[in-house]
Participant: 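Just passing along the structure, written as structure tokens.
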Amino acid sequence: MTTLIETTIQQPILTPDLESLLPSGRESLLLGLAGGLRTSVCAADQNLGHMEEDLLRGGQELFRQMLEQAAQQKAAAAPPLCPHCQHRLSRRSEGHGTTIQTRFGAIRIQRGRGYCKRCRKWRFPADAVLGLPEEGTQSPAVQEMAALTVSKMPAPEAEQVIERLAGVKISAATLGRQARQQGEQALKTRQHLDQQMSQPEGKVQQDEDLQLKLALEPFTLVIELDAWNIRERDQWGQSEALRKKGAEPTRWHWVYGGTCFRLSQRAQTASGRPTLLSRGYAMTRGGVDALKEQLWAEAMRRGLGRANEVLIVADGAVWIWNLAGDRFAGARQRVDFYHVSQHLWTVAQTLHPDDAAAARAWIEPLLAKLKADASCAVITELEQLQPRLESAARETVAKEINYLQTHRERMDYGTAKVRGEPLGSGAMESTCRQYQVRFKRTGQFWSQTGDEALMCLETFRRNGRWHILFPHAQLRDPAKN
Ligand SMILES: [Zn+2]
């Protein structure tokens with residue numbers, strides 16, 4: 001996978017002696033920790049949890065000191081180059097102090113400053129070497145904690161969770177601001193990565209087995225699409241579709257999403273529930289065109305281009321089939337079975353408004369026909385009963401016939417069953433629900449840029465690309481340590 005770090009400075013090879021990285025007061029710090037443990041060992045009302053707590057809280061200071069010393073050494077060795085253009089800095093001076101918030105508490109370091117004539121800006125090369133954004137004082141771990149928690153819960157809750165689990169206090173305001181900044185950075189990174197997918201260098205972003213020249217078993221790439229709406233403070237982009245649905249159009253806006261996976265990567269959990277071993281996601285508040293580009297790039301990473309066949313599954317929304325025809329021309333199309341059956345149920349209830357059993361008796365043979373790829377027979381049946389109906393019912397049935405006609409070619413459920421393909425877009429619908437848990441809380445309003453940034457973070461994590469945003473989060477190979 002590529003890394004995308006805008007500011008990279010080559011550091012000289014450093015070999016600090018280990019002693020210089022150990023805190024001077026370590027004996028007393030360790031003794032303090034042991035003292036805490038001894039109390040827990042002896043106290044009848046204390047258990048392992050108390051010991052864990054002792055070490056977490058008590059160890060902070062030990063680690064904080066070690067981190068401070070290590071950071072200082074790394075900062076001191078930062079070459080006097082501009083982090084943005086690599087130009088040599090002039091008018092250099094040392095001893096500019098800064099306090100950095102880390103997961104072990106605040107550390108203080110001194111570093112050099114210089115002027116970049118090319119950028120016409122004062123620069124602190126040490127900050128870039130340590131992974132701090134320009135004028136930023138939050139360590140990469142704190143940046144990540146903010147991004148991870150605030151994309152899942154409101155900042156005040158995130159503050160409590162972090163304090164409890166990590167033993168470090170970071171204010172809700174800082175977390176919110178930091179998450180927003182990280183999200184905005186993620187948006188830029190996503191754009192860059194997505195653009196790369198139309199170039200040869202995009203290959204490194206593909207699933208690992210797709211990058212190999214090896215012959216692959218023929219596979220079908222499945223793409224599912226769906227949309228949901230979000231509440232925002234502004235009144236941007238009032239949508240007709242919302243008014244049609246009878247929703248208040250000034251505050252609710254569409255979020256468009258898609259997911260893609262290889263059919264061969266569908267498996268079952270121990271309890272028999274279908275699950276996907278690897279899948280990609282796209283989710284955006286930026287409109288259908290934004291989704292089109294994001295989803296295409298994600299599909300490329302997951303096998304579009306090497307797939308024998310592409311299958312699109314979604315409900316009947318017009319934007320979906322426009323997008324599919326536009327960006328995934330040649331793909332097979334399937335309309336979600338459940339949605340189609342809902343349309344038939346509307347007819348059933350029109351024909352038998354007060355008789356649930358009769359409605360069911362009427363619909364069951366039709367559903368069976370649908371499942372046997374006989375959509376034409378279903379349409380014919382509706383057409384035949386139409387003239388016998390009084391006008392209101394006739395209108396309803398005409399509407400549903402029209403729906404079925406539109407999607408006639410997309411109702412190949414018999415084929416789906418034989419091939420082990422999904423009959424519906426349930427995988428995407430459940431994804432949308434999961435996003436909604438965070439982004440659609442009661443009484444919660446979002447700004448367009450704010451929700452897009454946080455959603456982008458969530459999507460990076462789901463796509464297994466979190467480490468591109470936070471390189472330290474990639475698990476280290478113990479063999480290399
Ligand atoms: Zn520069």
Side-chain angles (χ1 to χ4, degrees), residues 1-16 67-103 106-147 174 177-202 204-205 449 452-453 456-457 460 465-474:
M1 195 65 81
T2 51
T3 52
L4 192 98
I5 304 164
E6 281 178 0
T7 53
T8 310
I9 292 188
Q10 287 302 317
Q11 264 204 282
I13 295 165
L14 292 171
T15 46
L67 188 66
E68 192 170 70
Q69 275 159 277
Q72 181 60 66
Q73 294 202 28
K74 200 166 173 74
L81 302 176
C82 171
H84 286 257
C85 70
Q86 313 291 313
H87 194 72
R88 186 160 280 274
L89 299 172
S90 59
R91 294 154 71 188
R92 293 192 322 255
S93 57
E94 291 300 319
H96 298 272
T98 184
T99 301
I100 305 165
Q101 193 161 25
T102 79
R103 66 183 305 149
I107 62 169
R108 177 117 189 123
I109 60 160
Q110 306 291 325
R111 80 274 205 240
R113 187 184 75 166
Y115 189 75
C116 177
K117 285 182 184 154
R118 202 177 284 170
C119 299
R120 296 187 182 175
K121 273 194 131 175
W122 289 100
R123 300 288 191 201
F124 296 92
D127 291 9
V129 163
L130 293 174
L132 305 176
E134 207 168 341
E135 291 170 44
T137 55
Q138 264 79 40
S139 77
V142 171
Q143 296 164 25
E144 186 201 358
M145 283 196 271
T174 299
R177 198 172 49 241
Q178 197 49 237
R180 175 77 168 260
Q181 279 172 18
Q182 295 306 317
E184 279 160 12
Q185 187 59 44
L187 289 173
K188 286 186 206 155
T189 307
R190 177 169 72 190
Q191 196 175 19
H192 176 90
L193 292 171
D194 285 357
Q195 279 165 359
Q196 227 179 37
M197 288 317 293
S198 54
Q199 321 278 329
E201 63 259 35
V204 292
Q205 293 185 45
T449 47
E452 182 72 355
C456 184
L457 288 172
F460 258 92
R465 288 195 286 279
W466 189 250
H467 62 278
I468 295 179
L469 303 176
F470 305 102
H472 65 266
Q474 192 154 32

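Counting starts at 1 for both ligands and their atoms, in listed order. What's counted below: heavy atoms across the whole structure, side chains too, no hydrogens, waters or symmetry copies.
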Participant: Scan side-chain atoms only and decide if Gln178 and Gln143 contain a donor-acceptor pair under the 3.5 Å cut-off.
Facilitator: no
Participant: Determine, stepwise, if the pair Ser139 / Arg103 fulfils side-chain contact (heavy atoms from CB on, under 4.5 Å).
Facilitator: CA-CA 8 Å; Ser139 77; Arg103 66 183 305 149; 5.6 Å; no
Participant: Taking only residues two or more places apart in sequence, or in another chain, which ones meet Thr102 in a side chain to side chain donor-acceptor pair (under 3.5 Å)?
Facilitator: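 Residues passing side chain to side chain donor-acceptor pair (under 3.5 Å) with Thr102: none at all.
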Participant: Before giving the answer on side-chain contact (heavy atoms from CB on, under 4.5 Å), spell out for Asp127 and Arg111 the whole-Å C-alpha distance, their side-chain angles and the decisive distance to 0.1 Å.
Facilitator: CA-CA 8 Å; Asp127 291 9; Arg111 80 274 205 240; 2.9 Å; yes
Participant: Atom CD of Gln110 and atom CD of Gln72: how far apart are they, to the nearest 0.5 Å?
Facilitator: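 With rounding to 0.5 Å, CD (Gln110) is 6.5 Å from CD (Gln72).
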Participant: For His84 and Lys121, what are the C-alpha separation, side-chain angles and deciding distance, and is it a side-chain contact (heavy atoms from CB on, under 4.5 Å)?
Facilitator: CA-CA 10 Å; His84 286 257; Lys121 273 194 131 175; over 6 Å; no
Participant: Return the set of protein N, O or S atoms whose distance to the Zn ion (ligand 1) is under 2.8 Å, each given as residue and atom.
Facilitator: Cys82 SG, Cys85 SG, Cys116 SG, Cys119 SG
